[in-house]
There are 2 protein chains.
Amino acid sequence: MISKKTKYALKALSYLAEHYNGDLVLISELATAEDIPKKFLEAILVALRKGGVLKSKIGKGGGYMLASPPATITIGKVVSILEGGFALVECLNDNVKVVCEECGDPTCCGIRLVMSDVKIAIDSVLATTTLADMLEKSDMARQQKSRIMDYSI
Amino acid sequence: MISKKTKYALKALSYLAEHYNGDLVLISELATAEDIPKKFLEAILVALRKGGVLKSKIGKGGGYMLASPPATITIGKVVSILEGGFALVECLNDNVKVVCEECGDPTCCGIRLVMSDVKIAIDSVLATTTLADMLEKSDMARQQKSRIMDYSI
DNA sequence: CATAACCCTATAGATTTTATAGATGTAATT
DNA sequence: AATTACATCTATAAAATCTATAGGGTTATG
């Protein structure tokens with residue numbers, strides 16, 4: 001399960017993607033627009049900046065913007081930055097050296113082997129889905145919906 | 001990320017699968033064999049029984065056994081029982097009526113749409129992988145390993 | 001009556017989420 | 001150049017929630 005943190009991140013990034021035109025967006029604007037506690041959002045944005053997804057500018061006239069176009073930022077990257085990966089067991093996550101205490105021998109732990117397959121499946125989706133794709137999906141669904149509404153009138 | 005509860009469940013079920021011969025296994029035996037806190041295991045086994053994966057018998061000569069052969073029990077079923085599903089967002093999990101407060105309109109929430117794709121990917125693995133498969137994977141890995149060991153001598 | 005699963009409750013610890021207070025850096029204004 | 005307003009950054013801590021575990025009594029069965 002992804003945390004609220006990651007959901008907030010994706011919402012904030014959606015907003016920034018929709019407003020991707022060279023302008024900087026204020027944290028407070030993002031916070032009110034997407035209804036996210038401001039200070040929490042601040043921490044999230046810093047993480048995303050350090051992860052290379054966002055650019056920021058301090059001081060008057062400052063703010064945040066995407067570091068690259070929406071179509072180049074994958075959901076996987078975002079989840080990875082905020083959750084440290086999306087594996088279903090810890091020992092399969094990025095940069096994790098330790099072995100789960102449960103699997104005596106990680107190379108033949110059945111759970112690990114199964115969850116590795118799962119991780120590959122998750123990865124194949126998240127690594128190929130970008131912010132742009134997410135917005136498009138959302139738009140399509142909205143259009144679909146309004147079309148159904150029209151017919152039903 | 002799956003919880004320790006689910007890992008313990010899978011370990012306990014592995015043990016029961018390896019000893020699937022009509023005999024009943026004691027909680028205490030399971031607990032020592034797989035190194036799981038007995039009381040915690042107790043709760044897990046009850047959940048698995050209620051989920052239809054295990055059969056139990058109370059009283060002297062009682063214990064637990066799989067309700068059906070290892071090849072008929074999917075990992076997805078187990079995860080579903082203990083975690084209430086394996087979706088990455090709550091609103092996609094089994095039996096969840098409520099909508100995530102974050103996505104105003106769930107039908108066009110981008111996050112939800114993406115995570116729905118992810119869920120399908122996870123599902124395709126977990127719904128087709130059984131306890132028997134998990135044990136087989138583990139055995140194969142062990143064999144593979146001992147073969148490499150042999151060569152290296 | 002001894003055994004062994006069942007059931008309910010409590011709690012310490014960890015994690016997540018939110019809030020508070022100020023530090024630091026930038027740009028416009030005086 | 002000094003001041004001021006702005007806006008991100010940093011650190012901490014409180015609150016809320018979730019996880020893992022333990023305790024103790026209940027019920028069914030041989």
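Throughout, a chain's letter reflects where its sequence line sits, starting with A, and its residues are numbered from 1. The analysis underlying the following values was restricted to heavy atoms, covering all of them including side chains, and did not include hydrogens, waters or symmetry mates.
Distances from the side chain of Ile27(B) to the nucleotides dT26(C), dA20(D), dA5(C) place dA5(C) closest. Set against dT10(D), dA20(D), dA27(C), the side chain of Val46(A) has dT10(D) as its closest nucleotide. Nearest nucleotide to the side chain of Lys4(A), out of dT21(D), dT3(C), dT17(C): dT17(C). Distances were taken from every side-chain heavy atom of Arg49(A) (C-beta onward) to each of dT17(C), dT10(D), dC7(C); the shortest belongs to dT10(D). Considering only side-chain atoms of Glu42(A), the nucleotide from dC7(C), dT3(C), dT10(D) that sits closest is dT10(D). If you check dA28(D), dA20(D), dG25(C) against the side chain of Ile58(A), the one that comes closest is dG25(C).
Note: the hydrophobic cluster containing Leu26(B) does not contain Leu66(B) (ILVMFWY, side chain heavy atoms under 4.5 Å, direct or indirect links). Tracing side-chain contacts under 4.5 Å through hydrophobic residues (I, L, V, M, F, W, Y), one reaches Leu82(A) starting from Ile75(A); they form part of the same cluster.
When only modelled atom types and interatomic distance are considered, Ser146(B) and Arg142(B) share no side-chain donor-acceptor pair under 3.5 Å.
Atom CG in Leu26(A) sits roughly 9 Å away from atom C1' in dC6(D) (whole-Å rounding). Note: NZ (Lys7(B)) to P (dA20(D)) measures 9 Å, nearest angstrom. Per the geometry, CD belonging to Glu29(B) stands 15 Å off C1' belonging to dA5(C), to the nearest Å. Atom pair Leu41(A):CG and dT16(C):C1' shows a separation of 16 Å (rounding to whole Å applied). In this structure, the CE atom of Met1(A) is 13 Å from the P atom of dT16(C), given to the nearest Å. Going from atom CD1 of Ile2(A) over to atom P of dT16(C) covers 13 Å, rounded to whole Å. Taking atom CZ of residue Phe40(A) and atom C1' of nucleotide dT8(D), one finds them 18 Å apart after rounding to whole Å. The nearest whole Å value for the distance from the CG atom in Leu54(A) to the C1' atom in dT8(D) is 13 Å.
Note on Tyr8(A): a side-chain N or O is less than 4.0 Å away from OP1 or OP2 of dT18(C). Note on Ser56(B): every side-chain N or O is 4.0 Å or more away from OP1 and OP2 of dA4(C). A sub-4.0 Å separation between OP1 or OP2 of dC7(C) and a side-chain N or O of Lys50(B) is present.
Using a 4.5 Å cut-off on side-chain heavy atoms (C-beta onward), Asp123(A) and Phe86(A) make contact.
Lys38(B) comes within contact range of no nucleotide atom at all, as no heavy-atom separation falls under 4.0 Å. Looking at heavy-atom distances under 4.0 Å, Leu45(B) makes no contact with the nucleic acid at all.
Along DNA chain C, the nucleotide nearest to Pro37(A) and the one nearest to Gly63(B) differ in position, and the one closer to the 5' end is contacted by Gly63(B). For the pair Gly59(B) and Lys57(A), nearest-nucleotide mapping onto DNA chain C gives the more 5' position to Gly59(B).
Side chain of Glu34(B) to backbone of Tyr8(B): no donor-acceptor contact under 3.5 angstrom is found.
For Asp139(A), the CG atom sits in a packed shell: over 12 heavy atoms of surrounding residues, nucleotides or ligands are nearer than 6.0 Å.
No N or O donor and acceptor, one from the side chain of Lys39(A) and one from the base of dT17(C), sit under 3.5 Å apart.
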